[in-house]
A.B. asks: 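Below: one structure in structure tokens.
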Amino acid sequence: MVDVAQRRNKAVELFKSGFNCAQAVAIAYCDVLGMSDEEAAKVSGSFGGGMGRMGEVCGTLSGSFMVMGHLIPVVDPKDAATKQANYAAVRELADRFKAVFGNIRCADLLQEKKIRHTPSADDPNAEFYAKRPCAFYVAVAAELVGERINAM
């Protein structure tokens, strides 16, 4: 069992310290991933801002999916049952996130056309956190993955 509230708070703290959304969730669960903080930061670093700031799938979910990949690993390409279980867990997390926010795409969540790069994510400050709801997305994704872990 993981302490969901503790993981949520850690993920938000990591995000507010400058890690991207995917890194914040992945690092909060790095022990589950079997990685150090640094290793988790490395493998999840490209997924912030909807994958390299392309506005695709929310990075919080990408970080969550990495955790599911470790917990339900698909290492044998012929193991259809494990692959199906992994994909089902990923879809469950995405569906639960979407039930809360209505979408899983970063650009749609942020209404990207309205606030793109204003203020800059390269220099997060009070204005950045006030205009962007990313810390809340981080908190919910960290909670959802923790709840999924505890249900296993």
Side-chain angles (χ1 to χ4, degrees), residues 2-33 35 37 39-74 80-122 124 127-152:
V2 297
D3 182 337
V4 175
Q6 183 270 336
R7 301 296 176 126
R8 176 196 63 228
N9 294 340
K10 181 176 181 180
V12 170
E13 179 183 304
L14 288 161
F15 178 73
K16 288 187 174 182
S17 76
F19 286 102
N20 73 38
C21 48
Q23 288 174 311
V25 175
I27 296 168
Y29 287 94
C30 67
D31 60 317
V32 175
L33 288 167
M35 298 179 174
D37 288 10
E39 290 170 318
K42 285 179 182 179
V43 300
S44 59
S46 299
F47 296 91
M51 300 181 186
R53 281 201 197 139
M54 292 188 294
E56 297 303 331
V57 173
C58 178
T60 66
L61 287 171
S62 295
S64 300
F65 299 162
M66 289 177 195
V67 175
M68 285 299 103
H70 186 77
L71 293 172
I72 309 169
V74 181
T82 302
K83 189 180 289 189
Q84 183 177 9
N86 175 282
Y87 290 172
V90 165
R91 283 191 309 271
E92 176 191 329
L93 287 173
D95 289 345
R96 290 184 67 202
F97 188 90
K98 188 174 183 177
V100 174
F101 298 113
N103 210 306
I104 65 168
R105 280 192 74 245
C106 174
D108 295 331
L109 290 164
L110 297 178
Q111 300 173 0
E112 191 72 22
K113 293 178 177 104
K114 295 179 184 173
I115 61 173
R116 186 177 182 122
H117 306 299
T118 308
S120 173
D122 291 327
E127 182 186 6
F128 172 83
Y129 292 116
K131 286 191 174 190
R132 291 198 156 191
C134 300
F136 187 51
Y137 300 147
V138 166
V140 170
E143 285 179 9
L144 293 175
V145 76
E147 290 168 0
R148 181 67 174 82
I149 290 168
N150 288 343
M152 295 178 89

A.B. asks: Say whether, by atom type as modelled, one donor and one acceptor occur between the side chain of N9 and the main chain of A5 under 3.5 angstrom.
C.D. replies: yes
A.B. asks: Heavy atoms only: give me the nearest G63-V25 pair and the separation to one decimal.
C.D. replies: C-CG1, 4.0 Å
A.B. asks: Quick check for you: to the nearest 0.5 Å, what is the distance between K98 atom NZ and L61 atom CG?
C.D. replies: 11.5 Å
A.B. asks: At what distance, to the nearest 0.5 angstrom, does CD of Q111 lie from CG of N103?
C.D. replies: 10.5 Å
A.B. asks: Is the shortest heavy-atom distance from the side chain of V43 to the side chain of E39 under 4.5 Å?
C.D. replies: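 Side-chain contact under 4.5 Å: no.
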A.B. asks: Heavy atoms only: give me the nearest A26-L33 pair and the separation to one decimal.
C.D. replies: O-CD1, 3.6 Å
A.B. asks: For atom CD of Q6, is the number of surrounding heavy atoms from other residues, nucleotides or ligands below 6.0 Å larger than 12?
C.D. replies: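 Result for CD/Q6: enclosed.
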A.B. asks: Salt bridge (Lys or Arg N to Asp or Glu O under 4.0 Å), that's the test. Do R7 and D31 meet it? Break it down for me.
C.D. replies: CA-CA 11 Å; R7 301 296 176 126; D31 60 317; 2.7 Å; yes
A.B. asks: State, to 0.1 Å, how close A89 and M68 come at their nearest heavy-atom pair, and which atoms those are.
C.D. replies: CB-SD, 3.7 Å
A.B. asks: For a quick test of reading the model, state the closest non-hydrogen atom pair linking F15 to C134 and the distance between them.
C.D. replies: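 Nearest pair, atom of F15 first, then C134: CZ-CB, 3.4 Å.
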A.B. asks: For the pair N86 (side chain) and I72 (backbone), establish whether a donor and an acceptor sit closer than 3.5 Å, ignoring hydrogens and angles.
C.D. replies: yes
A.B. asks: Between A24 and L14, what is the shortest heavy-atom contact and its length?
C.D. replies: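 Closest pair (atom of A24, atom of L14, distance): O-CD1, 3.6 Å.
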A.B. asks: Could you point out which residue of M66, E56, Q23 forms a side-chain contact (heavy atoms from CB on, under 4.5 Å) with F47?
C.D. replies: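 Option passing the side-chain contact (heavy atoms from CB on, under 4.5 Å) with F47: M66.
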A.B. asks: Starting at CG of L109, measure out to OG1 of T60 and round the result to the nearest 0.5 Å.
C.D. replies: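 Atom-to-atom, L109:CG and T60:OG1 are 8.0 Å apart.
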A.B. asks: Decide yes or no for V90 and S64: does some side-chain heavy atom of the first lie under 4.5 Å from some side-chain heavy atom of the second?
C.D. replies: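 Not touching, per the 4.5 Å side-chain cut-off.
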A.B. asks: Look at the side chain of D37 and the backbone N and O of C30, then say whether any donor-acceptor pair between them is shorter than 3.5 Å.
C.D. replies: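 Such a contact is absent between D37 side chain and C30 backbone.
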A.B. asks: Rounded to the nearest 0.5 Å, what separation is found between the CZ atom of R105 and the SG atom of C58?
C.D. replies: 11.5 Å
A.B. asks: Considering non-hydrogen atoms only, spot the tightest contact between G49 and C106 and give its length.
C.D. replies: C-SG, 3.7 Å
A.B. asks: Side-chain donor-acceptor pairs under 3.5 Å in residues 141-150, sequence neighbours left out?
C.D. replies:
{"residue": "E143", "atom": "OE2", "partner": "R8", "partner atom": "NH1", "Å": "2.9"}
{"residue": "E147", "atom": "OE1", "partner": "R96", "partner atom": "NH1", "Å": "3.4"}
{"residue": "E147", "atom": "OE1", "partner": "R96", "partner atom": "NH2", "Å": "2.5"}
{"residue": "R148", "atom": "NE", "partner": "E92", "partner atom": "OE1", "Å": "3.1"}
{"residue": "N150", "atom": "OD1", "partner": "V2", "partner atom": "N", "Å": "2.7"}
{"residue": "N150", "atom": "ND2", "partner": "V2", "partner atom": "O", "Å": "3.0"}

A.B. asks: What residue pairs, at least two apart or across chains, pass ring-ring contact (aromatic ring centres under 6.0 Å, His included) with a residue in residues 132-152?
C.D. replies: F101-F136, F101-Y137
